[in-house]
There are 2 protein chains.
Amino acid sequence: MSRKQGQTAEQTREDILRAAARLLAGGAAKLTLEGTAKAAQVSKGGLIYHFPSKDSLLVALAEQTVAAFREDLEAAQDPLDGEARSFTRCFIRAALSPSVSGQKTRDSMFLMSFLLRHPEAAAVIRSGEAELTEQLASDGVDPDTLALIIAATDGVHIAPMWGGKEKTAAELERITEQLLALTRV
Amino acid sequence: MSRKQGQTAEQTREDILRAAARLLAGGAAKLTLEGTAKAAQVSKGGLIYHFPSKDSLLVALAEQTVAAFREDLEAAQDPLDGEARSFTRCFIRAALSPSVSGQKTRDSMFLMSFLLRHPEAAAVIRSGEAELTEQLASDGVDPDTLALIIAATDGVHIAPMWGGKEKTAAELERITEQLLALTRV
DNA sequence: GTCTATAAGATGATAGAC
DNA sequence: GTCTATCATCTTATAGAC
């Protein structure tokens, strides 16, 4: 009894991941298999066919999140910026670009903070983060300045969780400029 | 059958809140009444006497968290700093002082991100945060600079959740100096 | 490849003893 | 003021039909 007959297994898998991400983005306290299945318009059994355990679902979600930021990073590369410390500037633009930050920030922070409470998913996120931190550390920016840059980009994303308003594109632009300037001293 | 005979009700209440905070600080995915009671060395029934519902426990935890930061803020006031924008500097020192940040940051971030998923507790935290934001906004610092300061202090606290190492006292000092300098231009 | 049914365990909350 | 016992509900996961 195939409900999603027109779809490949891969498409159904993505439907499920998208549904789970959407539920968590809203700040839900918990994610249940049944609730996720309903939101993805799949039966609970159907979901479990694709993700044999809850952990496997959360790990897939974490992998998707890490991969998405990697793509944002590559999209933010500026072929004209051949100077020193260009990777750091690329990171700043990727982290603060309105297309990444606008609207999606609060959502992805809720998602991340949820995943970080589940050891297996947390390991995926932390290893992605460690790789990024290492790349940044070896880009030549003064360590204290780099610490400030990383803290500021993280902080921009998290503010909306406290209830702060999302930054406008103009505000993001001005923060981006302040941080970019720090890499050019 | 009073197990905690030597204690006042208030002391038992605090034992329970402390135990709950400790459990959540470790990044636990959920907080159960039974687990909390066990950690506080009280029976489940005993806990429920003090906190009639789980929500009431979480709200008390949120109130305690907000009040604690208020106290840190007052302790960070510098009677010698009578110049303009001194409240912003007070905030920077309070948020980044090693006694507040060291070791406690990751823990309190896990606690906060948990409470923010529970509407009633989240409301307490967000209203405390709104009050603080308003005080900062009216302290005279340029809005874009203030945005950077707030983002950076938030970011310093959250980094350890991603797996980043806690900042050393010296590193905190240098970030503090960079931010304080921004209020004096 | 997706579904139903159900087992097995955990959880929040109540009632009432001491 | 704190405890035990119990209930109703929810949740993950399995087994097996279609």
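Values below: all heavy atoms of this structure, side chains included; hydrogens, waters and symmetry mates excluded. Convention: sequence-line order gives letters A, B, ...; per-chain numbering from 1.
Rounded to an integer number of Å, the gap from CG of L31(A) to P of dA13(D) is 12 Å. Remark: P of dT6(D) and CD1 of I48(B) are 16 Å apart, rounded to the nearest angstrom. If you take CG of L33(B) and C1' of dG12(C), they are 6 Å apart, rounded to a whole angstrom. Atom NE2 of H118(A) is separated from atom P of dT11(D) by 13 Å (rounded to the nearest Å). Residue D55(A) contributes atom CG, which lies 7 Å from atom P of dA13(D) at whole-angstrom precision. The CD atom of Q7(A) sits 13 Å away from the P atom of dG1(C) (whole-angstrom rounding). Per the geometry, CZ belonging to R13(A) stands 14 Å off C1' belonging to dG1(C), to the nearest Å. Distance, K44(A) NZ to dC10(D) C1': 9 Å, rounded to whole Å.
Picking from dC3(C), dC3(D), dT2(C) the nucleotide with the shortest atom distance to the side chain of V42(A) gives dC3(C). The nucleotide whose nearest atom lies closest to any side-chain atom of S43(B) is, among dT2(D), dT2(C), dG12(C), dT2(D).
Between T12(A) and the phosphate of dG1(C), there is no side-chain N or O to OP1/OP2 separation shorter than 4.0 Å. Distances shown here put a side-chain N or O of Y49(B) below 4.0 Å from the OP1 or OP2 atom of dG1(D). At least one side-chain nitrogen or oxygen of K30(A) sits closer than 4.0 Å to the OP1 or OP2 atom of dT11(D). One finds no side-chain N or O of S53(B) lying less than 4.0 angstrom from the OP1 or OP2 phosphate oxygen of dG12(C).
Note on residues 172-185 of chain A: pairs passing salt bridge (charged side-chain N to carboxylate O under 4.0 Å, His left out), not counting sequence neighbours, are R174(A)-D144(B).
A distance of 4.5 Å separates CD1 in I92(B) from CG in L180(B), rounded to the nearest 0.5 Å.
In terms of hydrophobic clustering, with Ile, Leu, Val, Met, Phe, Trp and Tyr side chains grouped at heavy-atom distances under 4.5 Å, F51(A) and Y49(A) are assigned to different clusters.
Between the side chains of R117(A) and S113(B), at least one donor N or O lies within less than 3.5 Å of an accepting N or O. In summary, the side chains of T183(B) and R89(B) do present a donor paired with an acceptor at a separation below 3.5 Å, with no hydrogens or angles considered.
Two residues, G45(A) and T32(A), neighbour DNA chain D, and the one matched to the more 5' nucleotide by heavy-atom proximity is T32(A).
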